[in-house]
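Following this message is one structure expressed as structure tokens.
All values below were derived from every heavy atom in this structure, side-chain atoms included, with hydrogens, water molecules and symmetry-related copies excluded. Here is the naming used below: chain letters follow the sequence lines, and residue numbers restart at 1 for every chain.
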There are 2 protein chains.
Amino acid sequence: MNQPFPSKTPARILNAAEMLFAQHGYDGTSMRNITRKAGVNLAASHYHLGDKESLYALVFTRRLQPVNEARLARLQQAELAAAGRPVPLPLALDIMARPLFELCADARGSGRYFARILGRSLTDPLPFMDGLLARQFQPAMARFAQALRRHAPNLSPEEFLWRLSFVIGAMHHTLATLHCMQDLTRGICRNDDHGKALTLFVEFAALALTAPATANLKSPGA
Amino acid sequence: MNQPFPSKTPARILNAAEMLFAQHGYDGTSMRNITRKAGVNLAASHYHLGDKESLYALVFTRRLQPVNEARLARLQQAELAAAGRPVPLPLALDIMARPLFELCADARGSGRYFARILGRSLTDPLPFMDGLLARQFQPAMARFAQALRRHAPNLSPEEFLWRLSFVIGAMHHTLATLHCMQDLTRGICRNDDHGKALTLFVEFAALALTAPATANLKSPGA
DNA sequence: GATCGTATAAAACGTTCGTTTGACTACATC
DNA sequence: GATGTAGTCAAACGAACGTTTTATACGATC
């Protein structure tokens, strides 16, 4: 466990900020609430971590960077093992989804709060996060799109990307609502059942990506 | 066109609020920004529409109520036409999705901003919106779940609901990111291509719901 | 033991927030 | 022409905001 900071204060602040940003969003969370929850002085956050925007960015990269590194490492290993043949689709999807699901399943750490921050960042990005999001996601996503594409050679590039968008939307929506599935389903699905959600998601995504191309784009209409 | 208000001011405020809430969220939008954009006095919003929370709720119901009414009306009509047999799956999905897609496609009105407000409300609900969201969505969603269920009789209730969650996630993620698809796909998908998105989504969702049940819940693992 | 960098603390900075007040106008009704 | 109502307006309220300043305490280094 390498501590990037000699003091424990920055970690306390990051943990408190992660919880509060997840629950109330960027604008809905005040520096005073964060530092009060962390049990540190108001000025400590500016001293250690800079202003509020940079604190938010740090909350973000602290979790996401290991996830994307794990994704890329596992994908590279799988591609080596496949020796030029396509990485099996369920495996590729599992590699894409599992690090995120496992991060969000980490109930002891505050990693589970991160799902909501991530979900928010995709659907309404904060202006100052634009560049950071692109840098964090582009490399991994480009590699996965390439790997998945080989299982859907008959789809047009456009239809493939639309389906990939559906799949990614399903994944992030699932992660973001995992904590309230019990309410949404009148008790039939359990809250925080990451294992089942991951399994079903992988199967769902494999089907969605390999289904035959749409014959034409006429819609059923009204 | 029945005007629910004799003055034009409330509509101006609602339109401005819709745009700003969509772009910057509830906490990121101030009453001063809203009324400035609407070209009305700061006090006018409280006079006509009550406090900020009630303004947000009004922005919400103004768009959502007609959508859910249209959904239920079309579903009822389709169920009558089906005369006891299941409503065809693509039709049921079209009925569920089309009113939302069309609302968000309305580029002249500010309806297109609504997609982002809706997406936000699903993944991070504001505390004061809890009851309102449930009242708005429960009736329609319960009916649709029932209609769709008949096409997936071999799925366990739990697996069916997980898949339905994936599908609804895909729909809302798609609507919320429609306006930036061009950037996300390096120009391959067009922005605001609601027609194609709707067609592909319906096909995608039909496949996802009717696919065979997962044999067991073992995952592919690492 | 003086000096320096690190860390924490309380207090204050100026700004913006949501909301309210009270006065003013336009127009209908009696 | 007096009265009442709906609507608009500038101004102000207290509270909370992000950030900065200033001061203090603790170790290590020389």
Q.
Any side-chain N or O of B:His48 below 4.0 angstrom from OP1/OP2 of D:dT8?
A. yes

Q.
Taking B:Gln65's backbone N and O only, do any of them form a donor-acceptor pair with B:Thr61's side chain (distance below 3.5 Å, no angle check)?
A.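 Absent.
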
In residues 165-176 of chain B, what donor-acceptor pairs under 3.5 Å come from side-chain atoms, sequence neighbours left out?
{"residue": "B:His172", "atom": "ND1", "partner": "B:Ile168", "partner atom": "O", "Å": "3.2"}
{"residue": "B:Thr174", "atom": "OG1", "partner": "B:Ala170", "partner atom": "O", "Å": "2.5"}

Q. Taking five pairs at each end of the helix from C:dG1-D:dC30 to C:dC30-D:dG1, what angle separates the two helix axes (nearest 10°)?
A.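 Rounded value for the end-axis angle: 10°.
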
Q) Between the side chains of A:Arg62 and A:Asn15, does any donor sit under 3.5 Å from an acceptor? A)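 Yes, because at least one side-chain N or O of A:Arg62 sits under 3.5 Å from a partner of the opposite role on A:Asn15.
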
Q. Atom NZ of B:Lys8 to atom P of C:dA26: distance rounded to whole Å?
A. 17 Å

Q) With a cut-off of under 6.0 Å to the ring centre and 45° to the axis, is B:Arg149 in cation-pi contact with B:Phe160? A) yes

Q) Under 4.0 Å between a side-chain N/O of A:His46 and OP1 or OP2 of D:dT21, yes or no? A) no

Q. Nearest-Å distance, CD1 (A:Ile34) to P (D:dA16)?
A.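 Taking atom P of D:dA16 as the reference, CD1 of A:Ile34 is at 17 Å.
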
Q. Rounded to whole angstrom units, what separation is found between the CG atom of B:Leu49 and the P atom of C:dG18?
A.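 Checked: the CG to P distance equals 15 Å.
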
Q) A:Leu55 has an atom CG; how far is it from atom C1' of D:dT19, in whole Å? A) 14 Å

Q. Between the side chain of B:Lys52 and the main-chain N/O of B:Tyr26, is any donor-acceptor distance below 3.5 Å?
A.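 At least one qualifying donor-acceptor pair exists.
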
Q. When the distance from OH of B:Tyr47 to P of C:dA23 is rounded to whole Å, what number comes out?
A.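 Taking atom P of C:dA23 as the reference, OH of B:Tyr47 is at 17 Å.
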
Q. Is the backbone of A:Val40 close enough, under 3.5 Å, to the side chain of A:Arg12 for a donor and an acceptor to pair up by distance?
A. no

Q.
Students often get this wrong, so: under 4.0 angstrom with heavy atoms, is A:Ala44 touching a base, only sugar-phosphate, or nothing?
A.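 No contact.
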
Q) With a 6.0 Å cut-off on ring centres, are A:Phe114 and A:Phe60 close enough? A) yes

(Q) With a 3.5 Å distance limit and no angle check, can you tell me whether A:Asn191 reaches the backbone of A:Met181 through a side-chain donor-acceptor pair? (A)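 Checked: pair present.
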
**Q.** Distance below 4.0 Å between B:Thr9 side-chain N/O and D:dT8 OP1 or OP2
**A.** yes

Q: Report the nucleotide, chosen from D:dG18, C:dA9, C:dG18, that has the shortest atom-to-atom distance to any side-chain atom of A:Asn41.
A: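 The answer is C:dA9, which lies nearest to the side chain.
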
Q | From CG (B:Leu20) to NE2 (B:His24), nearest 0.5 Å | A | 6.5 Å

Polar pairs (N or O, both sides) under 3.5 Å between protein and nucleotides 12-17 of chain C?
{"residue": "C:dC17", "atom": "OP1", "partner": "B:Ser30", "partner atom": "OG", "Å": "3.1"}

